Structure formats: structure tokens, C-alpha cells
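One structure is given here, and the rest of the page talks about it.
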There are 4 protein chains.
Amino acid sequence: MPLVTGRERRRQLLDAAIWTFARKGFRRASISDIVARAQVARGTFYLYFDSKEDVFLAIVEDFHDRVRRMLEEPEPPVPLADHHGRALLQRTLRRWLELFAGHRDAAQVILKEATSIDPKVEAGLRRLRQLGLNYFATRFERLQARGLVNRGVSPDLLAHLQMGMMDEAVIGFILPEPRGDVDALAAQIASFEWDGLRPDRSGTPAVPRNV
Amino acid sequence: MPLVTGRERRRQLLDAAIWTFARKGFRRASISDIVARAQVARGTFYLYFDSKEDVFLAIVEDFHDRVRRMLEEPEPPVPLADHHGRALLQRTLRRWLELFAGHRDAAQVILKEATSIDPKVEAGLRRLRQLGLNYFATRFERLQARGLVNRGVSPDLLAHLQMGMMDEAVIGFILPEPRGDVDALAAQIASFEWDGLRPDRSGTPAVPRNV
Amino acid sequence: MPLVTGRERRRQLLDAAIWTFARKGFRRASISDIVARAQVARGTFYLYFDSKEDVFLAIVEDFHDRVRRMLEEPEPPVPLADHHGRALLQRTLRRWLELFAGHRDAAQVILKEATSIDPKVEAGLRRLRQLGLNYFATRFERLQARGLVNRGVSPDLLAHLQMGMMDEAVIGFILPEPRGDVDALAAQIASFEWDGLRPDRSGTPAVPRNV
Amino acid sequence: MPLVTGRERRRQLLDAAIWTFARKGFRRASISDIVARAQVARGTFYLYFDSKEDVFLAIVEDFHDRVRRMLEEPEPPVPLADHHGRALLQRTLRRWLELFAGHRDAAQVILKEATSIDPKVEAGLRRLRQLGLNYFATRFERLQARGLVNRGVSPDLLAHLQMGMMDEAVIGFILPEPRGDVDALAAQIASFEWDGLRPDRSGTPAVPRNV
DNA sequence: GATGAATGAGAGTTCATTCAT
DNA sequence: TATGAATGAACTCTCATTCAT
């Protein structure tokens, strides 16, 4: 029996690639860097991946799997309360941010190195993105149907905006800092999304001039 | 007098680079591609730019200038109305989206090729991003001070979320389609931001279960 | 086991570079020329040398080693004779000239291509030159101490003059001809050095006019 | 009438080239460097010289002229003395070294950048070298004929050795120092050449062993 | 004569990929 | 499976030279 199975060797190379791409970027990282990190020979890389592009695609698909598994995981019930919809939203955002916080190198690669590499990679990224968009859109739709969310905005647009905010929150607050307070971040975003910017829900604002 | 001035030749090469990077990506685009597009010799490129990285930086800075000029432009007054703050917000978003819609190739390059290229390029992108963040943060702060916007969220976080939504809106709705309805898009985003997701501002939602 | 070891491949490339530089000069020789001579691919060159400058430095250092090994080699005793010092000198010159005659391409490169290439190369050439200068200076000093050589001239200057004569003898009489009589050349140089130009060691020259 | 004549402009460019080649070497110096030094436009260079190689050849020939003029200059008589031949030799060496000391940049270019550039340049350098060799050979021959110099060595070989010593003296003692004592240098070299290394012109050295 | 923007051949170098061991 | 020396296409960049003004 070999010391490492094929599965393990592949994982080892994949992690080395994630680590390398996160630090050098796809373009500047070389196969040499990856195999040096993985402590295997150059040729070994090509036993598990077809090309440099292929290992990038594998990273995307690996992350895709993680997202899918997270989304499929059953969620613990939220205590019924006044702002039930908001609590659900906040929990979702937290789980989403936690996933990225738990895999910062991969997140870095997916979010910041997702440059035009290859049609196949492009497709993989599109699928990953679509997974998120579908999830959020379906979710908003259901919440609207149940009267838990304002029906005035299209679930599809909402999903896009949600994804944009998530990306930016990860890039701006999770990737740079070793320990961001994910909980607080999710709470604040949920708060903004739930209540909106309108200052006073009853009265008229007092004589505003142009800014 | 030469047929083209140095300024024009530089612009010509810059536009060729934008066009090329938007289609092939920074990595796959070669200097040969750029000069072929610009219809000049290979060496001419190096009279105006130091390197492939340098021309990318120039693109970023060119776009930076456009954004700055747009932000400095005086805005026509918004008719005083019930939802004054919302109207102001919507107008800002529209102008922002219009700028990107008016320079789709450049937007594509900035938003999708903003990969790790070079420390200098990195810095340039950071400056561009900061320009937007500062603008939105200042704006929200002022509107809050004037009572036109809910004081419950930090202007800084708001700015980040706003930028995330803008990026995603551009990537999702402006870059793919030749003619997106920018006005409608701005209106919908403003609507979501203004009112939030809360379904009913008075009553309690009716017996929701977990989603 | 590969057909050639790394050591051999390096030597093969080094020899090809010596051959090429000797014929085309550093400037006009291209990496293509070198690898064509060595019958390997272009990239192989860069497995063994960092750059074109680096291989030149390697040539210099390779020759440095040869000179050092020659100088360290024990010399067979010279039969005690009337002109003991002169015999020692002649033998040294012969060995020196033989080394260059035995590696004419390298000598050509070292002596005629020793142009300003690189600070590192410059330093390497300086070390090589210093090796020779030190050897001759030490030698003269010892011979003076033992009373075998005229004490009227500084060993340091003597070393420089000796080096100059050697360089010129190699350039003028060894590099151009496939088979120069190294022995006779060494004998004549030693003769000149030993006896000097003074025509008659006792009498006064007869009524010389200006030349 | 133009501000500068063609002759002057050519000289200006020639001096700029000497200055540049002395500092950067032929290979690393560019036409840009030369015209920048001469403060003229790039194209102007090509009105006076055919190519980069051509200007190098012009430098060689310019120096050739200087050497020739010096050699043709009548020499002041040397006071008749005991060592008449030695005094003549010393004066010649001094004049030779003075020429190089008076044109250090050109000397640097001729002696250290005289790398393989071009067949034409090669030929020019050969002519320059031959000028010196002929001069010394003729000189030694005449001195031998007049009994002022030892007849035991061939004038031709002597000329080569003399040139080698001159080159080395210039490289080692004149080029590096702003103010070398040319007189003393000439005196020491003449001393070595005149008297040789033989320690004692009458007795036998006392029982020397091998070094 | 003088200019300097434009040229483009050609250089050195990189590195993803292969394959004999 | 694993290795790593070898490959060579493709790249960026330089710079001597030209020529319309």
C-alpha cells in the first residue's frame, strides 16, 4: 500500500495550488511553485491535473462543492420572533461569510484571481456564481411568498445585489483581517437590508435642500 | 507637424489596450495584439508605455480620472419631494451606472481583470476603489447628518455594500447586454436600498415557519 | 541513469560557449549559437546558467581554476647551474604559456573579449588577473630575497610588466598560430628579462648620436 | 554661416562617443547615450557616421592619428652620457605613456573595449597596434645597429614585449589613477628593461635550491 | 543640415509540458 | 506511480536605423 493514496496526493496538490495562487496570483504562480509547495516532482502534477488551467478549474469546483454542501445542510430553526425574516436573513449571511472566512485562501483565489483564464474555467466560475444566485433568488422568492419579505423588488435582482454585497464584504472585511467578527458583520448587513435607508417611516423629512 | 500628436498616439494605444484586454484578458493579450489593433509597430508601444503592466496601470488611472471628473461635476437639483433622499440616491446610482455603461470595455477590464498583476497596478486599483468608497461614505454621512438617511448603519459599511452592489450590477446587467435599461436598474436598486426588505411596517408577520 | 550527468551537460554547454565566444565575440554570439553548438534546446541552457553574462563569468572562473591548479602543481627541480634564477624564470614562463596554448579558445575569450560586460564578470576578471599578479609578485620577491634576482625593481611593478608581456606573447604568438614553439618563446622572453638591453656590461658605448 | 561647422559637429559627436564608450563599454552604450551627451538629435548622428561600429572605428583612427603625430614629432636630444641607450629608451616610454595619460578616455576605449566588434574595426585596431610595433621594432633595430642595445634578442619580439608592458602599465597605473607619476613609471620600466633581472653581473649565486 | 517619432528584426528569457527512466 | 532533465514555442523588450518634416 502506498504511503499516500491518489485521492490524498490530489488533495495535497490542490491545497498547494490554492496556497500558491492566493499568494502569487494565477499568472505569476508557476507549476514549479506549486510542486515545490506540495513537495513532489514536476511530472507528478500532470498525473493529477491536465494543465495549469485545469487545476484552477479544480479549485473552483472544489469550492463549488463546499458551497453546495453548506447550502444543503439543514439549518437549525430560528426562534419565532417579531422580525422572523430578518433573523433568517442574518443567519444565512453569517453562514455564507463563515464559509469564506473558513477558507480564506480559496476565497481569495475565487474572488480576486477570477480573471479570464480559459473558457472552461469561465464556465466553472459561472456555475459557482449561479449556485449562489439561485440560492438567494429562491430564498427571497420563498420569503416573499410567505409574506416575510417586501414584495416590491424582484428576487432575481435581489440575489445579484446580495451577491455583490457578500463579495465586497468578504473582500473588504474578511480577506484582509485574520480575525474579523463575522457575526457582527452579518448582523449589520442584515440590519441595512431589512430596514433600508429611509430615515423616518411616518413623517416627512424637514425641508431638505440639494446636497 | 506630425499627423498625430504624442497625446493622440498614446490615446490610440491606450484604447487598443483596453479593447484587447477586455476581450483576451491581461494574461492572454500580447503586446503584439495591442499594436496590431492600434496599427503601429511593436516598438512604438514602448515609446509611450514602459511595459505591459504599465499600460494596464494607465488604463486604471484613465478610468480613475473619468470617475473623478464625474463625481466633481455639479448635479442638477432634484425636485423637492416626499422622498428626497431616495431621489438623490437614485440619481447618484444612475450616474455611476451610466459611466460604466458608457465605457464598457474599460469597465470590463477594471472589474474582471483586476487580478494580481503588479504592486503598482495593485496600488492604482486600490486608489480607484478608495475614490468610490470615499464618495459613497461622505455622501451617506451628509445625508444622515441632514436627516435624509437612517442613522442606524455606519456610512463606511454602507459605502462598501454600495460598491459591492454597483460592481455586481455592472457585471451582471451592464457588461453582458449591449443596451441595458440603466434608469430602471438604478430605480430598482434605489428602491431596495431605500425601503429595505421588511414586508410590513406595522403588523407582525403571520405565523412563519422555518424556510 | 541519464546518458549525461548534470556535470557533463554543464561542461558541454561551457565548452560550446567558449567555442562560440572565441569565434563571434560575446556581443555577437547568441544563446542560439551556443545551444546549437552544444546540440541542446534553448531552455536547457538556462537550467545550467542564469544568463548570457553568467556563462561568461563561468568561463572566467573555469580558467581561474586551471591557472590556480597549475600554480599549485609542484614543479620538478631545475638543475643547479650558473644562471639558476633565469632557469627558474624560464620554466615558469613556459608553464604559463603552455596553459594558454593548451586552451586557446578560452585564452582568446579571456584576453580579447574581456570587455565591460557586467559588474560580476568584471570582478571575476579582476580576481583572475590578481591571481597572476600575486603569483609573479610573490615569486620575484622570493627570488630577490634569495639573491637570485636583482633587487633594484619593485616586485609589484615587475609582476605587472610580466603579465603584460605574457598577455602580449599569447596574443601575438600563440593565438594566431596553431603550433607556436612555446619553448623557444619562453626562452627568448626569459633571456630578455634576465639580461636586459644593456649592450655591454663593462665598457662605455661608442659616441652615440640621437636616434 | 552655421553656428558649428560639419568638422566641429563631427568632433563633438566623436568626443561624446569616446566619453560614453569609456564609461559604458561599446555594448552597453547606445546611440541615445551618445547623442544625449552631444546634445544633438538621434538622426544627426547618422549624418556623420554610418553606424555604431563606424564611430568606434573613427575613434580608433583618431587615436591612430595622435600616435602617428607623436611618433613623427622630432625629439629633443638626450645629453650624451654613460647610459645613453637607456636614456633614449626612458624618454620614448615617457612620451608614450604621456600620450595615453593625456587621453585617458580614448585609451580606456582602445585598450579595454577593443572587443570583437566588426571586421573593419578589427582591421583598424590591427593597424594601430602595428603602428606601435613597427615603431618599437625599428627603434630597437637601430639601437642595436649602433651598439646601444644588446643584440641577443630579436627586435620583433622585443617590440611585442614592449607593447605588452606599455598596455599593462597604462591599464594598471594610468587608467585607474587621475594623476599617476608618468615620469617615475617610465624610469622604473626603463630601469628593468635596461638592466634585467640578473642579480650580480660577475659572481655566481650562492648555492640556490629550488623555490 | 537637423530633427525625433516610428520602425521591426532580433535578442534574451520563461515556463508549461513531456517522457525516458 | 513518481521523477526531473529536457524541450521549444512564445513572450516581452531593446535599440540601431530610417525618413518625413
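Here the structure is a predicted model, which is why all the values come from computation and not from measurement. Lettering follows sequence order; numbering is per chain, from 1.
If you check residues 10-35 of chain D against DNA chain F, the residues with a heavy atom closer than 4.0 Å are D/Ala29, D/Ser30, D/Ile31, listed by number. The stretch residues 43-61 of chain A comes close to DNA chain F through A/Gly43, A/Thr44, A/Leu47, A/Tyr48, each having a heavy atom under 4.0 Å from the strand.
Pairs passing the ring pair (Phe, Tyr, Trp, His ring centres under 6.0 Å) check and including a residue from residues 103-128 of chain B, sequence neighbours excluded, do not occur. For residues 10-22 of chain C, the pairs satisfying salt bridge (Lys or Arg N to Asp or Glu O under 4.0 Å) are C/Arg11-C/Asp15, C/Arg11-C/Asp62, with sequence neighbours left out. Sorted by first and then second residue, the salt bridge (Lys or Arg N to Asp or Glu O under 4.0 Å) pairs with a member in residues 38-59 of chain D read C/Arg27-D/Glu53; sequence neighbours excluded. Sorted by first and then second residue, the pairs that involve residues 118-131 of chain C and meet salt bridge (Lys or Arg N to Asp or Glu O under 4.0 Å), not counting sequence neighbours, are C/Glu61-C/Arg127, C/Arg129-C/Asp167, C/Arg129-D/Glu168.
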Item checked: Intra- and interstrand pairs of DNA chain F - dot-bracket, Watson-Crick/G-U under 3.5 Å, | marks other strand -> .||||||||||||||||||||

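By the side chain to side chain contact (heavy atoms under 4.5 Å, CB included) test, B/Arg69 pairs with B/Asp65, B/Arg66, sequence neighbours left out. Listed by chain and residue number, A/Phe63, A/Trp96 satisfy the ring pair (Phe, Tyr, Trp, His ring centres under 6.0 Å) test with A/Phe100 (two or more places apart in sequence, or in another chain). For C/Ser116, the side chain to side chain donor-acceptor pair (under 3.5 Å) criterion is met by D/Glu113, not counting sequence neighbours. Residues satisfying the ring pair (Phe, Tyr, Trp, His ring centres under 6.0 Å) test with B/Phe56, not counting sequence neighbours, are B/Phe21, B/Phe26. Partners of C/Ala38 according to the side chain to side chain contact (heavy atoms under 4.5 Å, CB included) rule, which considers only residues two or more places apart in sequence or in another chain, are C/Gln12, C/Leu13, C/Ala16, C/Val40.
In this model, a side-chain donor or acceptor of A/Arg42 finds a partner on the base of E/dT17 within 3.5 Å.
Between C/Arg9 and F/dA5 there is no side-chain polar atom (N or O) within less than 4.0 angstrom of OP1 or OP2.
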